[in-house]
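Shown next, in structure tokens, is the structure this report addresses.
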Amino acid sequence: MRREQERKQRKMKVDQNRFQKQRSSHSEANDSLYVWFGAEPLLVSLDLLNSKLNLDKSVARILDLGCGNGHFCELLRALGFKEITGIDFCTTAILLAESIRKTAMEKESRSLGDGTSLDGTVTFLNQDILATTLPSDHFDLIIDKGTLDSVAMVCHRFDEDEDPEANGDGDPSSIGDPMLVERYVEQVYRIMKPGGTYILISCNHSREELQDILAIGWTLKEDLSHLFEDLLYLIFQKNTE
């Protein structure tokens, strides 16, 4: 428990600094927002969800796991998806996401007239996926843009000749429990509907490692990693049996 709290504190400090800078500069005139892994995987994801995954936009429940500033959630809503949830355990990120959402709705109200805005609900939750209270068998699609990477990095055990301080990971005695990755997978599996789609974007694992992590209960449906220079982009499906 102590190590997990230290994991949260280290990562949250980095995230809060990044998102606090965005909150300070965010305004109606500033739409330049930090996007984890850059624009390319975001655009590929939008294309997949919009036209290739046969999702019913009126009822499909989508979870942006580690939503950060919520930019991806707003883009999904603009595409016509109606039920979108973003979670992040960084409080500053959720505050920023809610601020961006408010600004987006105000812009829509002015552009559409009559005080109206686009349909669709975006819900932002300040939660840790490892202890989430999200309901079981709930989501049709979950997308992870680096959250599993963060959890797995905390689980890394340094060799004797490695310097964790040089890598920004603190004292090796405070490195987290290796069971965190297992808990992460258990929670993603629990909240996903049978047959649901899990998009996993990673820069820290090999394809074989990710398949091994998701060996039970999941089937790899497509590998789009060839579209990127240094990212893995895998699409899994939760088995129905």
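We're numbering straight along the sequence, starting at 1. Being a predicted model, the structure only gives us computed values, none of them experimental.
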Carboxylate-amine/guanidinium proximity below 4.0 Å for R183 and D128
no
Please report the C-alpha distance between D140 and I62 in whole Å, then the side-chain angles of each, then the deciding distance to 0.1 Å, and finally whether the side chain to side chain contact (heavy atoms under 4.5 Å, CB included) criterion is met.
CA-CA 6 Å; D140 298 279; I62 299 174; 6.0 Å; no
Do you know which two heavy atoms are closest between R190 and S136, and how far apart they sit?
NH1-OG, 3.0 Å
Can L234 and W218 be said to form a side chain to side chain contact (heavy atoms under 4.5 Å, CB included), step by step?
CA-CA 12 Å; L234 304 180; W218 302 91; over 6 Å; no
Atom CZ in F236, atom CG in D144: separation rounded to 0.5 Å?
11.0 Å
Looking at side-chain heavy atoms only, is the closest gap between L227 and Y233 below 4.5 Å?
no
How long is the straight-line distance from CG of N54 back to CG of L48, given to the nearest 0.5 Å?
11.0 Å
State whether the side chain of Q127 and the backbone N or O of T133 hold a donor-acceptor pair below 3.5 Å, judged by distance alone.
yes
Does T197 reach the main-chain N or O of Q237 with its side chain, forming a donor-acceptor pair under 3.5 Å?
no
F81 CZ to L75 CG distance, which is reported to the nearest 0.5 Å:
11.5 Å
Is it true that R77 and E74 have a side-chain N and a carboxylate O under 4.0 angstrom from each other?
yes
Criterion side-chain contact (heavy atoms from CB on, under 4.5 Å) against L63, the qualifying member of I143, L141, L134:
L134
If you measure only the distance, is there a donor-acceptor pair under 3.5 Å linking the side chains of N204 and S202?
no
Take I191 and I129 through the side chain to side chain contact (heavy atoms under 4.5 Å, CB included) test and state the conclusion after the steps.
CA-CA 10 Å; I191 64 179; I129 184 59; 4.1 Å; yes
Can you check whether K102 reaches I100 side chain to side chain, under 4.5 Å on heavy atoms?
no
Cation over ring, K238 on Y189, under 6.0 Å and within 45°?
yes
What are the two closest non-hydrogen atoms of C203 and F37, and how far apart are they?
SG-CE2, 3.7 Å
Could you tell me whether the side chain of L49 reaches within less than 4.5 Å of the side chain of L79, counting heavy atoms only?
no
Are side-chain heavy atoms of C67 and I94 found at a separation under 4.5 Å?
yes
State the NZ-CG distance between K52 and D47, to the nearest 0.5 angstrom.
4.0 Å
If you round to the nearest 0.5 Å, how far is CG of L65 from CD1 of I199?
12.0 Å
Is a side-chain N or O of S99 found less than 3.5 angstrom from the main chain of L95, in a donor-acceptor match?
no
R207 versus L220, closest heavy-atom pair with distance
NH2-CD2, 3.1 Å
Let me confirm one number: the CD1-CD distance from I216 to E186, rounded to the nearest 0.5 Å.
10.0 Å
Side chains of R61 and T85: closer than 4.5 Å at any heavy-atom pair?
no
S45 to I201 - nearest heavy-atom pair and separation
OG-CD1, 4.1 Å
Donor + acceptor pair across side chains of T147, Y184 (<3.5 Å)
no
Nearest non-hydrogen partners of L130 and Q187, listed with the distance:
O-NE2, 3.4 Å
Heavy-atom pair with the smallest gap, counting every atom of S206 and L232
C-CD1, 3.3 Å
Start with the C-alpha distance between E40 and L231, add both sets of side-chain angles, then the distance that settles side chain to side chain contact (heavy atoms under 4.5 Å, CB included), and finish with yes or no.
CA-CA 10 Å; E40 290 80 6; L231 291 176; over 6 Å; no
Just so I know, are the side chains of H71 and L42 near enough to count as touching, which here means a heavy-atom distance under 4.5 Å?
yes
Mind checking whether I84 and D64 have side chains closer than 4.5 Å, heavy atoms only?
no
Given side chains that start at C-beta, do those of V181 and L148 come closer than 4.5 Å, heavy atoms only?
yes
Donor-acceptor pair, N126 side chain versus D88 backbone, under 3.5 Å?
yes
